[in-house]
Amino acid sequence: MNFHKIVELEKYLDVAHHIPGRIRVKFSPLILTRPAALAAMKEHSEMPDAIKDARVNMSARSVVIEYDPDDIRPELIEELIQGTDKEKKAQIISDLYGKLMKNAS
């Protein structure tokens, strides 16, 4: 999942269920009108190490993201998906990808 695109998708996403380490996000059928957005949800090439898995279920219109709650505080992942403050989202993404780059070296 390309988390940089999450900021652009907020109006299509809604948290359906969340426990620390696993969040299920429902997406609006309107997202199907934006093929690039849907492709971004399916992209797995540059996920931060704290993200263990992200699976898209088209028939359920949902994505399940499994993450390490020790590396990402649960309230931050929820803010990233449902929050409205774009600057805060940008900072969360920067922090996540900063960890990715540090762990890759």
Side-chain angles (χ1 to χ4, degrees):
M1 170 170 280
N2 185 327
F3 285 95
H4 295 284
K5 294 290 184 184
I6 290 287
V7 175
E8 299 170 21
L9 300 176
E10 69 187 20
K11 65 183 176 184
Y12 300 106
L13 305 177
D14 202 20
V15 173
H17 185 261
H18 188 196
I19 59 172
R22 185 176 185 277
I23 188 166
R24 178 181 303 277
V25 179
K26 296 290 274 184
F27 54 86
S28 164
L30 294 175
I31 202 171
L32 299 174
T33 64
R34 297 194 54 201
L38 196 54
M41 290 180 64
K42 294 179 180 180
E43 175 61 42
H44 288 58
S45 64
E46 290 188 16
M47 290 195 307
D49 290 342
I51 304 297
K52 297 176 181 178
D53 191 27
R55 296 179 310 278
V56 175
N57 182 332
M58 293 300 294
S59 60
R61 289 190 351 258
S62 69
V63 60
V64 173
I65 303 167
E66 293 181 17
Y67 65 96
D68 185 343
D70 293 330
D71 283 342
I72 304 174
R73 292 191 334 260
E75 62 271 13
L76 289 182
I77 197 99
E78 207 160 309
E79 176 69 25
L80 181 62
I81 293 167
Q82 270 192 247
T84 56
D85 184 338
K86 292 192 186 317
E87 287 182 28
K88 187 171 184 179
K89 285 183 171 192
Q91 184 60 51
I92 293 168
I93 290 169
S94 176
D95 290 348
L96 285 176
Y97 283 94
K99 286 183 181 182
L100 173 70
M101 295 311 196
K102 286 178 190 172
N103 292 336
S105 39

Rounded distance (nearest 0.5 Å) linking atom CD1 of Ile92 with atom CD of Glu75: 9.0 Å
Supply the atom-to-atom distance Ile81 CD1 to Leu76 CG, rounded to the nearest 0.5 angstrom. 11.0 Å
Quick check: are there more than 12 heavy atoms from other residues, nucleotides or ligands sitting under 6.0 Å from NZ of Lys88? no
Of all pairs that satisfy ring-ring contact (aromatic ring centres under 6.0 Å, His included), the ones with a partner from residues 69-91, not counting sequence neighbours: none
With clusters defined by side-chain heavy atoms of hydrophobic residues (ILVMFWY) lying less than 4.5 Å apart, directly or transitively, does Val64 cluster with Ile51? no
Sorted by chain and residue number, the side chain to side chain donor-acceptor pair (under 3.5 Å) partners of Ser59 (sequence neighbours excluded) come out as Asn57
Below 3.5 Å, can you tabulate the donor-acceptor pairs from side chains in residues 12-25 to any protein atom, sequence neighbours excluded?
residue : atom : partner : partner atom : Å
His18   : ND1  : Glu78   : OE1          : 2.6
His18   : NE2  : Tyr67   : OH           : 2.6
Arg24   : NH1  : Ser62   : OG           : 3.4

So CG of Leu80 and CD of Gln91: to nearest 0.5 Å the spacing works out to 12.0 Å
Can you tell me how far apart CD (Glu79) and CG (Asp85) are? Round to the nearest 0.5 Å. 6.5 Å
